[in-house]
Amino acid sequence: MTRSSSRRVLLGVSGGIAAYKAPELVRRLRDAGCEVRVVLTAGAQSFVAPLALQAVSGHRVRRDLWDEEAEAGMGHIELARWADDILVAPATAHLIGRLAGGLADDLLTTLILASQARLWLAPAMNRIMWQHPAVQANLATLQARGGRVLGPASGSQACGETGPGRMLEPHELVAALSAAPALLSGQRILMTAGPTREPLDPVRYLGNRSSGRMAYALAAALRDRGAEVVVVSGPVDLPVPAGVRRFEVETASQMLEAVLDRLAGCSAFIGVAAVADYRPETASVDKIKKSGQAMNVRLIPNPDILATVAAHALRPGLVVGFAAETEAVEAAARSKLDAKNLDLIAANRVGSASGFGDVVSSLEVFSRDRRWSLGPAAKTVLADGLADLLAARIAQDAAGGTTT
Ligand code: C5P
């Protein structure tokens, strides 16, 4: 499938009275430059006609996971991959519950489970339902996984009551989706990501458990705020976020070289990679043979990429490190902040309940005189919080302001 430059929004409509606003929502999304495809749940079809949505979206409306003809056109997995954003509007209490439970019992829930697109939910329901702890708990679950909740508004409801639960108006939903906070526009940010691999011989290496998830989520969050993001990445099993430039490396020395080549003109450097502190002094040209005897491998220190950047003549205005610690997190993070001459350091505890590879984690961020706590939350949510913090600092530096 060739990629068009417009944003691709999959609109999921579930069965609430606010579904009657879906055709206007599609029209406004298209006016805002989005390509839109629509999926209706069974309940939604009682409130809005598929033909109306086909006419305004310009595409056949999907309703059924088992529609052979539609699957022959764009299969549901392809549709899940196609979307940049999935907007569920209206999102009923039932749909929110099914998503929180991880169900895939119709086309829309299956698509959402199979997609890495940003998920937006526009709840619409009676005010008592909205306030029910079950609904609130389900929404909190979805938010912790990175879902974004838009609304609801307060006002008169179709059921005759007044209170919170009205779906936001189509123009408000479109504004929320397209509000790409341009705080970082024009700023180039260089990051490192993932693990490094230090070869012992042609088939073996010293590595670590870094998944790259935090770095890639942060790259996407900074891109969403308008930055030009360049990631120098060790080997990870993750797709490159759209619009982010990635340069692949294996060893710490290659990572340092790739970073220094790209340092000029950057307003921030963020070292997220789990860089090996040591490498084998020599890598054998041939595969090391088993001898049955004990074996010594002499390790020598790797360059510290972060400290090198922080001491460099081309040092960006903001240099940020990460610290994965198993104990005394604050003391260790603060001593790295000083030793490496950083502006900020984001620390997390690893090795116990959360850390490497996990989807949920938490971060403590330290400057010389301040501290922020983020999470526990999904790494995508942490990345959003951290990106907001960094964006505020970079914008402040760009305006020549004082920093904390
Ligand atoms: O000293 P420590 O390895 O705990 O510091 C972690 C921070 O330093 C991370 O931001 C990591 O990306 C960076 N680092 C580096 N080069 C190294 C070791 C760590 O850039 N050789």
Side-chain angles (χ1 to χ4, degrees), residues 189-199 205-219 222 229-236 238 246-263 266 268-281 299-312 314-316 318-351 355-357 361 363-368 372 374 379 382-383 386-387 389-390 393:
I189 299 180
L190 183 60
M191 299 174 57
T192 59
T196 58
R197 287 180 180 174
E198 308 296 336
Y205 57 82
L206 297 182
N208 61 67
R209 295 182 196 278
S210 169
S211 68
R213 274 203 198 107
M214 187 68 230
Y216 278 53
L218 185 58
L222 292 166
V229 183
V230 179
V231 179
V232 176
S233 178
V236 296
L238 295 171
R246 173 170 72 175
F247 296 92
E248 294 175 68
V249 295
E250 290 224 338
T251 66
S253 303
Q254 291 166 355
M255 191 173 266
L256 176 64
E257 195 184 331
V259 161
L260 294 181
D261 281 351
R262 292 167 182 85
L263 199 55
C266 290
F269 174 78
I270 312 173
V272 197
V275 185
D277 292 324
Y278 293 91
R279 67 173 183 275
E281 185 170 34
L299 300 177
I300 57 168
N302 263 331
D304 191 307
I305 300 168
L306 190 56
T308 307
V309 168
H312 202 277
L314 295 174
R315 185 193 200 278
L318 185 71
V319 178
V320 183
F322 269 68
E325 305 293 342
T326 51
E327 56 187 337
V329 174
E330 174 162 7
R334 287 201 180 280
S335 88
K336 278 174 199 172
L337 187 78
D338 284 339
K340 301 195 191 199
N341 187 26
L342 311 177
D343 301 292
L344 290 174
I345 190 154
N348 65 342
R349 190 181 291 278
V350 291
F356 281 159
S361 185
L363 285 178
E364 297 291 324
V365 185
F366 303 95
S367 69
R368 262 170 237 297
W372 298 263
L374 305 173
K379 285 187 177 172
L382 292 180
L386 187 55
L389 214 151
L390 299 179
R393 288 282 299 226

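Just so it is clear, the model here is predicted, and its values are computed rather than measured. Both counts, for ligands and for their atoms, begin at 1 and track the order of listing.
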Close N or O approach ([X], ligand 1; < 3.5 Å):
X: Gly321; value: no
X: Lys340; value: yes
X: Lys336; value: yes
X: Phe322; value: yes
X: Gly271; value: yes

Spell out, as yes or no, whether a donor-acceptor pair under 3.5 Å connects the side chain of [X] to the backbone of [Y].
X: Thr192; Y: Ala273; value: yes
X: Glu198; Y: Ala252; value: yes
X: Arg368; Y: Leu342; value: yes
X: Ser233; Y: Arg246; value: no
X: Asn208; Y: Ala274; value: yes

> With a 4.5 Å heavy-atom cut-off, do Leu222 and Ile270 have their side chains touching?
Replying inline: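 Leu222 reaches Ile270 side chain to side chain.
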>> Heavy atom to atom 13 (C) of ligand 1, shortest distance: which of Ile270, Val320, Leu306, Thr196 holds it?
In response: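 Minimum heavy-atom distance to atom 13 (C) of ligand 1 goes to Leu306.
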>> Closer than 4.0 angstrom, basic N to acidic O: yes or no for Arg315 and Asp343?
In response: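 Salt bridge present between Arg315 and Asp343.
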Among the heavy atoms of [X], does any lie under 4.0 Å from an atom of ligand 1?
X: Met255; result: no
X: Ala273; result: yes
X: Pro303; result: yes

> Closest non-hydrogen protein atom to atom 16 (N) of ligand 1, residue and atom name please, with distance?
Replying inline: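 Scanning the protein heavy atoms, the shortest distance from atom 16 (N) of ligand 1 goes to Ile305 N, 3.0 Å.
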> Between Asp277 and ligand 1, which part of the residue brings a heavy atom under 4.0 Å of the ligand: side chain, backbone, both or neither?
Replying inline: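 Only the side chain of Asp277 comes within reach of ligand 1.
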> Between Pro301 and Arg279, which heavy-atom pair has the shortest distance, and what is it?
Replying inline: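 In this case the closest contact between Pro301 and Arg279 is O-NH1, 3.7 Å.
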